[in-house]
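The structure under discussion appears below in the form of structure tokens.
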Amino acid sequence: MHRLKLLTAVASTAVLAFASTAAAAGSHGRSDYSLLQMNLCLSGLAGCFAGTHYPAVVDEAIAKVQANRPDAVTLNEACSGDVGRIAAETGYHARFSTVIFNGAPLPCRNPTGRGVFGNAVLTRAAIEGAQEAPYSAQLGSEQRRWVCVEGSDGVRACTSHLGVSGTAEQNATNGAQCVELTDVLASGDAIEPTILGGDMNRQASCAPRGFWTERDEEAVQDSGLQHVYGNWSRFAQPRDEVLPMTFSDHDALLVHALLHG
């Protein structure tokens, strides 16, 4: 009887040890990674700005970040001062990319004192490097560009806001920017985790081969225009969720995926 109890105890201990080891291996092999994409209409010039009830739109963005704690946040139509406030109140690291407007940085207005207009990437991990550039194809007064950051977690997180679609000329410019963005995303190390969130101003994806695409198709506002891309080799099982926004003309897009390694 004593020998049977001893064998049972040893077997139970072995099972627990195996389960613990398997769990540890699973946690080291994969982890949940999430990105929150938002277009905030913060310039003070766009027609959508009246609906932001500034600073309510910034308060709402902060609340979305705090409630969901994504690993990365990508922001379009943002202002440097507002991005600084979002980063400070959420504890995230930020990289701001200034958009040139009519040949110069555009000071945000109504109210003033909010810095300049542009896009941003915020990350929970420390930012160790960044790359950004304007697109070769441009149309109109607002420069369109991309920005990527390299985080201490090994992830390259990017954002972009492509030109609007509509006329034949606008569609051609948007398409050329899409092609260039595809090349930018594909230019990284083949096994480097790369993820992008942005307002593409188009339904069709700009993701390169080997990347998945999630879109805000369930959004009430401007559905399907905001996209998130990730490379299949490092991000698996993507799943999206649209988060309603009260004070922006776009809803927010939250995407979760399993990060390998």
Side-chain angles (χ1 to χ4, degrees), residues 33-40 42-43 61-62 65 69-101 104-108 114-138 142-163 177-200 206-208 211 226-231 233-235 253 255 257 259 261:
Y33 189 97
S34 57
L35 182 147
L36 176 63
Q37 158 63 24
M38 293 184 284
N39 182 320
L40 298 179
L42 280 170
S43 70
I62 291 170
V65 175
R69 300 302 296 173
D71 295 277
V73 181
T74 48
L75 301 177
N76 301 140
E77 295 192 42
C79 295
S80 56
D82 297 320
V83 170
R85 182 192 156 200
I86 294 170
E89 295 194 21
T90 59
Y92 279 60
H93 304 272
R95 169 75 180 205
F96 185 83
S97 177
T98 302
V99 167
I100 302 301
F101 197 90
L106 175 68
C108 294
R114 296 189 290 120
V116 295
F117 182 68
N119 303 304
V121 179
L122 290 76
T123 57
R124 294 178 66 180
I127 294 175
E128 298 184 337
Q131 306 84 38
E132 61 176 292
Y135 291 106
S136 300
Q138 299 286 342
E142 182 181 341
Q143 179 196 72
R144 304 294 176 158
R145 58 192 300 116
W146 58 268
V147 57
C148 293
V149 305
E150 301 282 350
S152 60
D153 56 358
V155 174
R156 179 169 70 140
C158 309
T159 193
S160 187
H161 185 200
L162 301 192
Q177 292 169 355
C178 178
V179 170
E180 192 169 343
L181 178 60
T182 299
D183 292 339
V184 168
L185 295 176
S187 66
D189 186 328
I191 62 171
E192 177 182 36
T194 298
I195 193 166
L196 173 141
D199 183 352
M200 301 292 103
C206 299
F211 277 63
Q226 294 185 106
H227 301 184
V228 174
Y229 311 142
N231 50 345
S233 62
R234 299 308 300 272
F235 291 103
L253 176 61
V255 174
L259 174 61

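Index from 1, following the sequence.
In this structure, T194 and R234 have side chains that are not in contact, with every pair of non-hydrogen atoms separated by 4.5 Å or more. A 4.5 Å side-chain heavy-atom check between L75 and I86 finds at least one atom pair inside the cut-off. Within the 4.5 Å cutoff, no side-chain heavy atoms of V65 are placed close to those of E89. A heavy-atom distance below 4.5 Å is found between the side chains of C158 and L185. Looking at Y135 and S160, their side chains come closer than 4.5 Å, going by heavy atoms from C-beta outward.
The main-chain N or O of G197 is found under 3.5 Å from a side-chain atom of T159 such that the two form a donor-acceptor pair. Judged by distance alone, with hydrogens and angles left aside, the side-chain atoms of R95 form no donor-acceptor pair with the main-chain N or O of T123 at under 3.5 Å. Put simply, the side chain of R114 never gets that close to the backbone of G81: no donor and acceptor are under 3.5 Å apart. Side-chain N or O atoms of Q177 include one that pairs as donor or acceptor with a backbone N or O of G163 at under 3.5 Å. In this structure, Y92 contributes its side chain and P70 its backbone to a donor-acceptor pair below 3.5 Å. Looking only at distances, no side-chain donor or acceptor of N76 sits under 3.5 Å from a matching main-chain atom of N119.
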Assess whether side chain to side chain contact (heavy atoms under 4.5 Å, CB included) is satisfied between D82 and L40, documenting all intermediate values.
CA-CA 10 Å; D82 297 320; L40 298 179; over 6 Å; no
Could you walk me through whether D199 and H161 pass side chain to side chain contact (heavy atoms under 4.5 Å, CB included), step by step?
CA-CA 5 Å; D199 183 352; H161 185 200; 3.4 Å; yes
As a quick check of understanding, evaluate side chain to side chain contact (heavy atoms under 4.5 Å, CB included) for Q131 and E150, giving each step before the final call.
CA-CA 9 Å; Q131 306 84 38; E150 301 282 350; 3.9 Å; yes
Assess the residue pair L259 and D153 against the criterion (side chain to side chain contact (heavy atoms under 4.5 Å, CB included)); give the C-alpha distance rounded to whole Å, side-chain angles, the decisive distance to 0.1 Å, and a yes or no.
CA-CA 11 Å; L259 174 61; D153 56 358; 5.9 Å; no
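Applying the side chain to side chain contact (heavy atoms under 4.5 Å, CB included) criterion to Q143, with sequence neighbours excluded, gives V99, I100, P134, Q138, R145.
A side-chain contact (heavy atoms from CB on, under 4.5 Å) with L196 is found for one member of F211, W146, Y229 and no other, namely Y229.
No hydrogens or angles considered: nothing links the side chains of E128 and S152 as a donor-acceptor pair under 3.5 Å.
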